[in-house]
Amino acid sequence: MDLSIDNLAVTLGNRKVLHGIDAVFRPGKVTAILGPNGSGKSTLVRALAGLADADAGSVRIGGRLVGRLEPRERARAIGYLPQDASVHWNILVQDLVALGRMPHRTPFAGPSAADQDAVMRAMEATDTLAFMGRAVAELSGGERARVLLARVLAGQPQWLLADEPLAALDPAHQLGLLDRLRGLAGQGMGVVIVLHDLVQAARAADDVLLLRDGKVVVFGPAREALGHQPLRDAFGVEVMVIGDDQGRLLPVPIGRSLPPME
């Protein structure tokens, strides 16, 4: 099912954060959302998850308004990992990940074989099986970030929305996670992630949405959206485009753009 935004506008406090956003995200693809600090990336992802009130416009999944879905149905359709995700109880890692199965379980029912299998698959996908018997408080920041992602994946959502999921990870786990997200998209899941690194976006994303000042600069295939002019318009930087051994074009920032001459 497509996840679509139509003329979306969001105001936080007295500031209009998003202005007339239009986009259609497709299942089976990884879409990266990029833009300067304060451009509205986190607000956009929250709106996609049905967690930000809109002044105008709509967010729909399969043609249905996300905000009108019953909470359990929405949780089964959309898994959301916020940038500042935290854990309030010092429980075992395996119990924390199992909480991701709650939308699929009836009240007071114990975990089924399907629940246990989903938990194991999610922990395998995030390289967290070694932490199963450890308490959450014993984990490093990067380890905890991977466990929290495993909790979302355990719910087997149709869509994964993750706000800067790589921020606390070391380079090896960043690359591993991007590979796993591409694998999930290859299995039909829709993946939308907020990133800051242009090279990571070029490596992982099928499509890219560039934001600046709450407006869409460009939305389209990564090879086009991560070109010289879109990145100049969004970030005010010049890039050098290099090719990797898989034929991908990787934009590397090399300097700030000069302001236009008067």
Side-chain angles (χ1 to χ4, degrees), residues 3 30-34 41-52 66 71-72 74-105 111 114-185 187 189-197 200-201 204-205:
L3 187 58
V30 176
T31 300
I33 298 176
L34 296 97
K41 301 183 298 295
S42 295
T43 300
L44 178 56
V45 175
R46 283 179 52 81
L48 285 169
L51 300 174
V66 169
R72 284 171 61 87
R74 184 169 66 189
R76 289 193 295 267
I78 298 173
Y80 169 61
L81 182 66
Q83 182 179 345
D84 56 353
S86 59
V87 182
H88 301 288
W89 306 282
N90 188 28
I91 61 178
L92 293 179
V93 166
Q94 60 185 355
D95 295 331
L96 175 61
V97 177
L99 292 176
R101 295 298 299 169
M102 296 305 293
H104 298 271
R105 293 167 56 181
D115 293 328
Q116 295 171 347
D117 181 65
V119 168
M120 295 298 291
R121 288 176 178 271
M123 297 188 73
E124 182 179 10
T126 52
D127 193 22
T128 54
L129 284 172
F131 310 150
M132 286 186 66
R134 292 171 60 181
V136 174
E138 299 175 9
L139 304 178
S140 69
E143 291 169 343
R144 188 179 301 114
R146 284 150 54 200
V147 167
L148 288 168
L149 178 60
R151 180 178 65 178
V152 176
L153 295 179
Q156 297 176 312
Q158 299 168 26
W159 282 89
L160 170 65
L161 312 178
D163 191 354
E164 295 193 44
L166 309 183
L169 304 185
D170 59 59
H173 281 105
Q174 288 180 356
L175 293 173
L177 180 57
L178 290 175
D179 287 342
R180 289 180 174 93
L181 293 179
R182 286 207 58 82
L184 291 169
Q187 297 168 22
M189 180 183 287
V191 178
V192 179
I193 52 175
V194 174
L195 295 174
H196 274 294
D197 190 289
Q200 289 171 338

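These numbers were taken from a predicted model, which means no experiment stands behind them.
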- Is a side-chain N or O of Glu164 found less than 3.5 angstrom from the main chain of Leu195, in a donor-acceptor match? no

- Note: Val87 and Leu148 closest approach over all heavy atoms is CG2-CD2, 3.6 Å

- Yes or no on side chain to side chain contact (heavy atoms under 4.5 Å, CB included) for Leu161 and Val191, after CA distance, side-chain angles and deciding distance? CA-CA 6 Å; Leu161 312 178; Val191 178; over 6 Å; no

- Query: Within a reach of under 6.0 Å around CD of Gln116, are more than 12 heavy atoms found that belong to other residues, nucleotides or ligands?
  - Reply: yes

- Item | Leu129 vs Met123, side chain to side chain contact (heavy atoms under 4.5 Å, CB included): CA-CA, chis, key distance, verdict | CA-CA 5 Å; Leu129 284 172; Met123 297 188 73; 3.7 Å; yes

- Task: Please round to the nearest 0.5 Å and tell me the distance separating atom CG of Asp117 and atom CG of Asp115.
- Result: 9.5 Å

- Pairwise distance CG(Leu99) to CH2(Trp89) - rounded to 0.5 angstrom: 7.5 Å

- Message: Show the nearest heavy-atom pair for residues Gln174 and Leu169, with the distance to one decimal.
- Response: NE2-O, 3.1 Å

Which atom pairs, one a donor and one an acceptor, fall under 3.5 Å between side chains of residues 150-159 and the rest of the protein, sequence neighbours left out?
residue, atom, partner, partner atom, Å
Gln156, OE1, Arg101, NH1, 3.0
Trp159, NE1, Met1, O, 2.9

- Taking the side chain as every heavy atom from C-beta outward, state whether Leu3 and Val66 have any atom pair closer than 4.5 Å. yes

- Query: Roughly how far, to the nearest 0.5 Å, is CG of Leu149 from CG of Leu81?
  - Reply: 6.0 Å

- Query: Can you name the salt bridge (Lys or Arg N to Asp or Glu O under 4.0 Å) partners of Asp127, sequence neighbours left out?
  - Reply: Arg146

- Task: Compare all side-chain heavy atoms of Met120 with those of Met132 and state whether any distance is below 4.5 angstrom.
- Result: yes

- Message: Closer than 3.5 angstrom, by distance alone: can the side chain of Asn90 be matched with the main-chain N or O of Ala137 as a donor-acceptor pair?
- Response: yes

- Item | Full working for side chain to side chain contact (heavy atoms under 4.5 Å, CB included) between Leu181 and Leu160 | CA-CA 9 Å; Leu181 293 179; Leu160 170 65; 3.5 Å; yes

- Query: With distance as the sole test, does Arg46 use its side chain to make a donor-acceptor pair with the main-chain N or O of Pro82 at under 3.5 Å?
  - Reply: no

- Item | Where Val30 and Ala185 come nearest, the two heavy atoms and their spacing | CG2-CB, 3.8 Å

- Query: Salt bridge or not for Glu143 and Arg134, using N-O below 4.0 Å?
  - Reply: yes

- Query: Does some side-chain heavy atom of Arg182 sit less than 4.5 Å from a side-chain heavy atom of Asp179?
  - Reply: no

- Message: So, taking the atom named CG in Leu166 and the one named CG in Asp197, what distance separates them when rounded to the nearest 0.5 Å?
- Response: 8.5 Å

- Query: Any idea which heavy atoms bring Gln83 and Ser42 closest together, and the distance?
  - Reply: OE1-OG, 3.5 Å

- Might you work through the side chain to side chain contact (heavy atoms under 4.5 Å, CB included) test for Val147 and Thr126, ending with a clear yes or no? CA-CA 7 Å; Val147 167; Thr126 52; over 6 Å; no

- Query: Can you name the nearest heavy-atom pair linking Leu139 to Arg144, along with the distance?
  - Reply: O-NH2, 3.2 Å

- Item | Within 6.0 angstrom of Arg121 CZ, more than 12 heavy atoms from elsewhere | no

